[in-house]
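Data block below; observations after.
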Protein chains: 2
Amino acid sequence: MIDERKQRILQAIIDDYISSAEPVGSRTLARKHDLGVSPATIRNEMADLEMLGYLEHIHTSSGRIPSSKGYRFYVDGLIPPKPVSDEEKSLIDRWYKARVKRIDEVFQETARLISQVTKNVSIVLAPQVSQAAFRCLQFLPLDDHRAIAVIMTDAGFVENKIVEMPSGAAFEDFQRMAGVINRSLAGRILRSIQGTAMKQIRDEIQDESLYESALEVIRRALDSEKRERLYLGGATHMMEQPEFQDVDRIKDILLMLEEEELIKDILHAHRGEGLEVSIGQENENSRIKDCSIITATYHLDGELLGTIAVLGPTRMEYGKAMSLLEYMNTNLANVIRRFHW
Amino acid sequence: MIDERKQRILQAIIDDYISSAEPVGSRTLARKHDLGVSPATIRNEMADLEMLGYLEHIHTSSGRIPSSKGYRFYVDGLIPPKPVSDEEKSLIDRWYKARVKRIDEVFQETARLISQVTKNVSIVLAPQVSQAAFRCLQFLPLDDHRAIAVIMTDAGFVENKIVEMPSGAAFEDFQRMAGVINRSLAGRILRSIQGTAMKQIRDEIQDESLYESALEVIRRALDSEKRERLYLGGATHMMEQPEFQDVDRIKDILLMLEEEELIKDILHAHRGEGLEVSIGQENENSRIKDCSIITATYHLDGELLGTIAVLGPTRMEYGKAMSLLEYMNTNLANVIRRFHW
DNA sequence: GTTAGCACTCGACGAATCAGAGTGCTAACA
DNA sequence: TGTTAGCACTCTGATTCGTCGAGTGCTAAC
């Protein structure tokens with residue numbers, strides 16, 4: 001159905017279109033690639049490929065451009081491997097070393113880096129604190145009626161909250177409470193902290209108002225970081241792409257990117273093991289039917305932490321973007337480990 | 001030199017141009033504003049105003065547009081007052097209540113809010129931690145050889161750093177060190193912590209490797225937060241302005257905004273008491289010679305904390321932007337106070 | 001099955017045209 | 001003397017019209 005010559009032609013067309021952004025015609029294709037056949041033959045093959053749905057015709061007498069199905073075929077088999085070069089790896093390494101001092105900067109700079117290399121928008125979904133394991137809780141006295149609760153998790157996060165002490169409670173009561181909570185919750189995934197554990201704490205504390213404070217602290221730790229943080233990069237790089245030379249289109253994309261919930265949903269839809277590519281029409285969201293998204297999940301010690309993604313026009317350098325994401329998601333674990341204990 | 005009628009005409013021209021973004025001609029001006037004179041007279045006055053440098057002519061036979069000098073005159077005296085409405089105030093209030101849970105969100109959301117209302121780019125320079133007063137330092141044990149240093153300042157910041165304990169040091173040594181540091185530095189402005197105070201600490205600690213650790217902690221607290229954080233908002237709103245309908249121009253502005261040091265320098269150049277407006281040609285930086293910046297500083301208890309700013313085309317709604325900034329910089333103090341102790 | 005040739009189709013580009021809005025100048029007016 | 005009407009002139013922006021180049025599809029020949 002789609003023989004080897006058709007494949008070669010399809011690949012040549014897509015490679016060409018990806019690098020030039022111009023519809024590609026039979027004559028130029030014959031000139032540039034040494035396919036061993038004449039333009040007329042290529043035309044015939046192109047007509048077949050269009051019939052089969054791999055190519056599209058804007059209107060008669062413009063060259064062909066790949067359809068989503070064409071890109072899909074390309075991504076699934078034809079894609080020329082383009083590994084991350086050693087220079088790029090060392091650039092990435094130096095970048096992290098120079099710019100990252102705090103854990104949130106890891107994600108921000110990862111986003112920046114990905115967009116820098118791919119010239120596209122990148123999205124980094126940072127791990128939720130609430131899916132990290134509780135490690136320990138400590139109180140620091142602030143004045144007579146307030147203290148700072150410092151909560152540490154296994155994922156390297158340190159959260160602090162100012163809490164009011166119930167009137168009549170002494171700081172020692174708080175210390176005791178911390179002990180109770182630490183014993184009950186150590187190692188628990190924050191998100192999974194629920195009824196039974198809390199009941200145990202209640203029984204041990206034996207003081208209603210103090211228990212309320214404990215509850216408050218834990219709830220806040222869960223609450224405030226329940227939302228996964230989203231880091232974006234590359235709005236300016238996007239503007240280098242010929243398909244984003246229209247201000248309204250750019251605005252549209254940027255507005256969409258501001259809708260955190262939407263973006264998270266899109267990323268959550270792709271949580272498989274390896275890389276996932278969603279091409280053009282394959283995207284649910286109508287605003288990015290002419291875009292592709294490549295997603296990759298990153299892990300630490302086997303635990304799913306988050307997702308990194310590249311969003312760009314369907315005419316995207318899939319090979320480059322995919323190998324970069326592949327490299328980054330292994331690399332990210334090492335970088336995050338530095339903030340770990 | 002510039003009589004009352006000229007003023008009225010200048011104001012009408014600028015008002016018109018600000019709302020329409022089109023060069024304004026004598027006839028339309030006569031039609032829209034009831035100036036009591038004929039277009040011909042207006043033409044004569046316009047010619048005079050141009051001679052005096054308040055107006056500009058792109059080329060013969062397009063209407064006039066204000067020059068930087070014209071805007072300056074307008075801003076300094078003609079500007080129609082446009083106070084923030086009660087609805088807007090309550091919108092702002094609700095916005096903060098709904099969206100702000102952490103102190104860094106105060107600044108992010110302020111930026112978002114300002115750009116939302118003014119339809120321009122906004123910049124918020126958050127207070128440096130290092131110009132806050134040291135309040136206290138505590139260590140929390142992590143494992144045998146590490147601890148978390150939690151540093152609190154008067155401005156409501158809590159910073160934490162993981163520190164290695166020198167081999168042989170026990171956690172009790174750290175506790176003692178915290179005591180020494182707290183006694184020596186309490187109330188000091190972080191930035192001003194220097195030689196003498198450090199010497200005192202050294203004398204008290206009497207242990208070289210422990211002293212090194214102390215130094216490390218304090219240095220890190222100063223270091224990592226030495227850089228003032230910059231929050232930006234409104235890239236998409238900017239795109240609604242007719243002067244930013246060109247992708248390259250937008251890209252140019254966005255790239256400039258990514259240069260944190262540059263932006264900080266620009267904001268630092270305006271640190272007067274009230275609002276400051278820098279119009280078009282008045283800007284040092286050539287990339288924004290067709291933009292205006294309005295800056296305002298905000299304070300807490302008389303202490304200068306940071307700067308908020310609006311960046312837009314010279315054709316900007318100065319009245320609205322200025323009164324908004326004025327309102328925001330008083331309001332901000334109240335919002336920040338909520339995170340204070 | 002492959003290729004050459006040919007008629008046809010679009011889009012991009014530049015020149016020409018035209019309407020609309022504006023100016024500057026002059027002369028008349030109060 | 002300041003104001004206004006009238007007029008010639010200018011420039012922009014939209015529209016139209018060829019023209020050119022690149023491409024296609026079809027047919028016939030190899």
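All figures in this text were calculated on a predicted structure; none of them were measured in a lab. Chain identifiers are assigned alphabetically (A, B, ...) following the order of the sequence lines, protein sequences preceding nucleic acid strands; residue numbering begins at 1 within each chain.
For A:S26 and D:dT24, the shortest distance from a side-chain N or O to OP1 or OP2 is below 4.0 Å. For D:dG23, one of the phosphate oxygens OP1 or OP2 lies less than 4.0 angstrom from a side-chain nitrogen or oxygen of A:T28.
Under the Watson-Crick or G-U wobble criterion, with both distances below 3.5 Å, D:dA14 is paired with C:dT17. Judged by Watson-Crick or G-U wobble contacts below 3.5 Å, the nucleotide D:dA28 has C:dT3 as its partner.
Side-chain contact check for B:V75 versus B:M322: some heavy-atom pair is nearer than 4.5 Å.
Minimum atom distance to the side chain of B:A40 is reached by D:dA5, of the listed D:dA5, C:dC10, C:dA21. When distances run from any side-chain atom of A:N44 to the nucleotides C:dT3, D:dC7, D:dT24, the shortest one goes to C:dT3. Among D:dT4, C:dG24, D:dT12, the nucleotide with an atom closest to any side-chain atom of B:H59 is D:dT12. Candidate nucleotides C:dG22, C:dT9, C:dT23 were compared by shortest atom distance to the side chain of B:R64, and C:dT23 ranks first. For A:V37, the listed nucleotide lying nearest its side chain is C:dT3; candidates were D:dT4, C:dT3, C:dG11. In this structure, the nucleotide among D:dC11, D:dT24, C:dG24 sitting nearest to the side chain of A:S61 is D:dT24.
B:R31 comes within 4.0 angstrom of nothing in the nucleic acid, heavy atoms only. Within the nucleic acid shown, B:T41 comes within 4.0 Å of at least one base atom, counting heavy atoms only.
Between A:Y17 and A:Y71, the two ring planes are tilted [angle within 30° to 60°].
Checked by distance alone, A:R43 brings a side-chain donor or acceptor within 3.5 Å of a matching partner on the base of C:dG5.
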